[in-house]
Each structure stands twice: as structure tokens, then as C-alpha cells.
Amino acid sequence: MTVDPSASALLIGNAIVLVSLFSARPSGILRLTILATAALLISWFTVRSEAPLAWWSPIVFFSPAVVVASLGFLAVLDSRAIVRHFRQRSSRTTLWSYRSIGITIGLLIAITYMIVLPSVTAVLELFRERPESYTITELTIGENLRIRSAKLAIFAIFTYIGACWGSFLNVVAYSLPRGESIALRSSACPKCGVPIRRIDNLPIFSYLNLGGRCRDCGVTIPVRYLIVELVAAGIFASLFLFELVTGAANVPGFQHYTFTGILWIILYTKWPVVGIVLYHAALMCTLLTLALTDLDRRRLPAWFGWTSVLIFAGLPMIASQLQPFTLALPSSVPDAASRAATILVGAVTGGVLGIAIQRVSQLGKRCRALPLALTLIGISLGWQATVTITAIFVLLLLTVRHFDTSGARRRLLQPTAVLLAAVMIHHPLWKWIAGVW
């Protein structure tokens, strides 16, 4: 005997409503999450049902519309109670611990991707016109959940690799300007000197779990470490969503792939796409390192700059797919010479713009690494993208200056960090912007 999943969902929904009416357990965010999830699941099952008038039933309590409305009403009441509770606590204690914030954000992201988005898509499908001969095999709820959970897991792994790189870049930005080793050293608390345990050295998670304090001496861990790990995770997440799974559709001149997505790009690996994603990830991580050293008012050793320039210029000469855009030169010019000219023009454009901004703005020591950063951008992304990114960068700086009359944020906001933000804004729109040129 086959059990109708929509009937099971209605039974569970009614049970949740009855339990919520007679008991306050579980309370808080957990019960609110359960109520919202149940309402979305029932809506999804009902929308996908082929029965006429699926939202209504002669038995009121088995009408999906009534159950969803009841769950929504209880969720609103719980939301108001949670807001009142936190307002009462705000005057005497911290609202949430770092761990609670992290768990809540993770749950919201998972629920949105696994339940909310499929529900909205199912509703929109009802209003989409299809030819009469159009047939498609609908996936079951189990198949949908399996596919989406696999995609979410791959995205989470790729993003967390970025967080791990962010943790490493914290070490690089601290050690290199001071002439210290970045490989032959163990992590330890700078206050008590106790080596950090492996369980306490996990990017993002360990900071949230410890509440931003050392496990042994209780000294506050600078929030900068968490922010850098989150920024690096954001870099990898952005590259995953806008470049990797799209087959580098955001890169002008890159080869077009008919089939894209996690299956066709990652599992059936398209190495040119993987290569250019890693190339751009290395560029943004280098910019993040330069921003951190500027924040510390430190200077990286000269070899770091020359090595970065040689690596980012040499890789496109070896692998042409890393530079799908070239200068419009005569066809008689060899391909290698065309790539070299493109790299040279981009480097000169970035270097000149960086020096000009540094001198005109009179930022001095606050942006020592800006010329190098723009040079690397010119080498990697071309002179047109460098000009566009510089325009976005200047606009962001002027916006901060306009809305921050006291200058407090301006002293904390490093120009090289703003440049990294400009690169991240430009990157998903790169191909569209390139059409203007």
C-alpha cells in the first residue's frame, strides 16, 4: 500500500499545531523553525498534488490551507515572543552567543535552499505555460531532497576550503612582514603561549564555539580572524556560484558550455573552468593578503611582489585558457606575443592607476600595496577590467567619505580592502560590463 506523502504531511502538521497549542516546548528559535518548515513542506506537497481543489477538504482540519494558516499564525506569535524576550535581555546580557548565531544562520540557509526555494519554484510552475505535448517526469520529494542536499554539501565544502585559506592568509599577513616562517610554526595563544588544540583551530567553527576567547586563559581573540575567514569563504562561494558551476559564463571570451551545473562542470570535470576559477581565487586571496598587511601598516618583502607578478604573468603564458581575452592585434602576430602584450598593457595600466590614486588621495602608508594590487589585477583580468574595477573602487571610497563625516570608519577601512570589494562586485558582472567596451 502506497502512503500519500501529502496525507502524512497533513497529519504531522496537525500534530504540531495541537502540541503547540497545549505546550510551550520546544520554545524559541527551534519551535519557530519547526513551524515554518512544516508549513513550507505542506505547501510544497499540496502544490505538487494533482488532485483538484487540493487546498481544501470537507474535513476542515485536513484542509492544507487551514493547517498552513494555523502553522503560520503560531509562527508569527512565536516570532513576537522571541523579539520581546531578546528586547528584555538586551539591557543586561548579550543577546546571542556566537555559537547560536552561527547555528541559526546555518539553519536558515539550509531551510531556504532545501525547502523555501523548491516551494517557490513549484508555485511558479503552476503559472508557466507549457505546450500540450510537453511532458516531464516529476521528481519525488526524496529525490529532490537528495539532489539538493548533495549540491548544498558540495557548495559548503568548496566554501569552507576558502575559509581554511583565509585562516592561512592570517598567518601569512602576520608572519611575512616580520620575517617569520609560515610553515615551521605551530599555532599558540599570544597571551598564555599554550598551543592551540586541533579542535580549536577549525576556521569559523572554533571561533564561534569558543565565543571568541582562548580556551585556557580566556583572553579575547581578535574578531579580525573570523572576519578574514568569512571574507575568504565569501570569495570562494562567489566564485563557485558565478564562475565554477556556470562554466565561467561570466568571463568574456571564454569557451561556451552547453551543459553546466555541478554535474557537468565538477563531476564531469571541465579542467579549463577549474583552472580559471583557481587562478581568480589565487588573485583574490593575494589581494586579501595585501589588504591585511596594509591594515597592519606593514610592508611585505620585495620578493613577495616580484614573485606574485611573475606567477600571475607566467601562468597565462603557459595555459592560454587563463587569458581568453587578448588585445585586438593583427592576425599575423603570434598567439604568445599577443598574450604577452595583453599582460604587459594590463600591468602598466594597473601600476599607473595605483600610483596615481596613491599620490592624488594622499593616503600614504595606508595603501602601500595598492600599486601592486592593481598591477596584479591588470595582469590577470586585462586593462579594460582594471579600469572598470578602479572606477568602482573610487566610487566606493567616495561613498564612504560622503556618509562618514566623522572619519571613524574611514580610518578603519583600508583602500586595498575596498579594492578587493570592487573586484568581487565586478567579477560576476564581468562579461556584461565587457560588452560596453
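Heavy-atom basis, side chains included; hydrogens, waters and symmetry copies ignored.
Considering only heavy atoms from C-beta on, Tyr268 stays 4.5 Å or farther from Phe259 through its side chain. Side-chain atoms of Leu353 and Trp383, non-hydrogen and from C-beta on, never get closer than 4.5 Å to each other. Contact check for Phe155 versus Ile262: no side-chain heavy atoms found under the 4.5 Å cut-off. Counting heavy atoms from C-beta outward, Pro415 and Phe393 have side chains that approach closer than 4.5 Å. Inter-residue side-chain proximity for Trp264 and Val273 is flagged as unmet; no heavy-atom pair is nearer than 4.5 Å. Proximity of Leu396 to Ile425: side-chain heavy atoms (C-beta onward) are separated by under 4.5 Å at one or more points. Counting heavy atoms from C-beta on, the side chains of Leu372 and Val309 come closer than 4.5 Å.
For residues 285-325, the pairs satisfying ring-ring contact (aromatic ring centres under 6.0 Å, His included) are Tyr279-Phe312, Phe325-Trp430, with sequence neighbours left out. Listed by first then second residue, pairs satisfying salt bridge (Lys or Arg N to Asp or Glu O under 4.0 Å) with a partner in residues 218-233 read Arg224-Asp296, not counting sequence neighbours.
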What pairs of donor and acceptor atoms, side-chain ones from residues 241-255 against any protein atom, are under 3.5 angstrom apart with sequence neighbours left out?
| from | atom 1 | to | atom 2 | distance (Å) |
| --- | --- | --- | --- | --- |
| Glu243 | OE1 | Asn250 | ND2 | 3.1 |
| Glu243 | OE1 | His280 | ND1 | 3.2 |
| Glu243 | OE1 | His427 | NE2 | 2.6 |
| Glu243 | OE2 | His280 | ND1 | 2.9 |
| Thr246 | OG1 | Phe242 | O | 2.9 |
| Thr246 | OG1 | Glu243 | O | 3.3 |
| Thr246 | OG1 | Ala249 | N | 3.4 |
| Asn250 | ND2 | His427 | O | 3.0 |
| Gln255 | NE2 | Tyr257 | OH | 3.1 |

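The CG atom of Asp200 lies 7.0 Å from the CG atom of Asn209; values are rounded to the nearest 0.5 Å. A distance of 6.5 Å separates CD1 of Ile196 from CD1 of Ile221, quoted to the nearest 0.5 Å. Interatomic distance, Gln323 CD to Thr342 OG1, rounded to the nearest 0.5 Å: 5.0 Å. Of the inter-residue distances, the one linking Leu176 atom CG with Thr293 atom OG1 reads 9.5 Å to the nearest 0.5 angstrom.
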Verify side-chain contact (heavy atoms from CB on, under 4.5 Å) between Leu292 and Val172, making sure each step is shown before the conclusion.
CA-CA 9 Å; Leu292 292 174; Val172 172; over 6 Å; no

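With a 6.0 Å radius and a threshold of 12 heavy atoms from other residues, nucleotides or ligands, Leu152 has its CG atom above the threshold. Around the CZ atom of Arg178, the shell of radius 6.0 Å holds more than 12 heavy atoms that belong to other residues, nucleotides or ligands. More than 12 heavy atoms of other residues, nucleotides or ligands lie within 6.0 Å of NZ in Lys270, so this atom counts as buried by the packing criterion.
Qualifying side-chain hydrogen bond (donor to acceptor under 3.5 Å, both in side chains) partners for Asn170, counting only residues two or more places apart in sequence or in other chains: none. In terms of the salt bridge (Lys or Arg N to Asp or Glu O under 4.0 Å) criterion, Arg298 has no residue partners (sequence neighbours excluded). In terms of the salt bridge (Lys or Arg N to Asp or Glu O under 4.0 Å) criterion, Arg213 has no residue partners (sequence neighbours excluded).
Smallest separation of non-hydrogen atoms from Leu370 and Thr416: N-OG1, 4.2 Å. Nearest heavy-atom pair, Ala422 versus Ile389, reported as atom, atom and distance to 0.1 Å: CB-O, 3.8 Å.
Outside the 6.0 Å centre-distance limit, the rings of Tyr174 and Tyr225 are not counted as a close aromatic pair.
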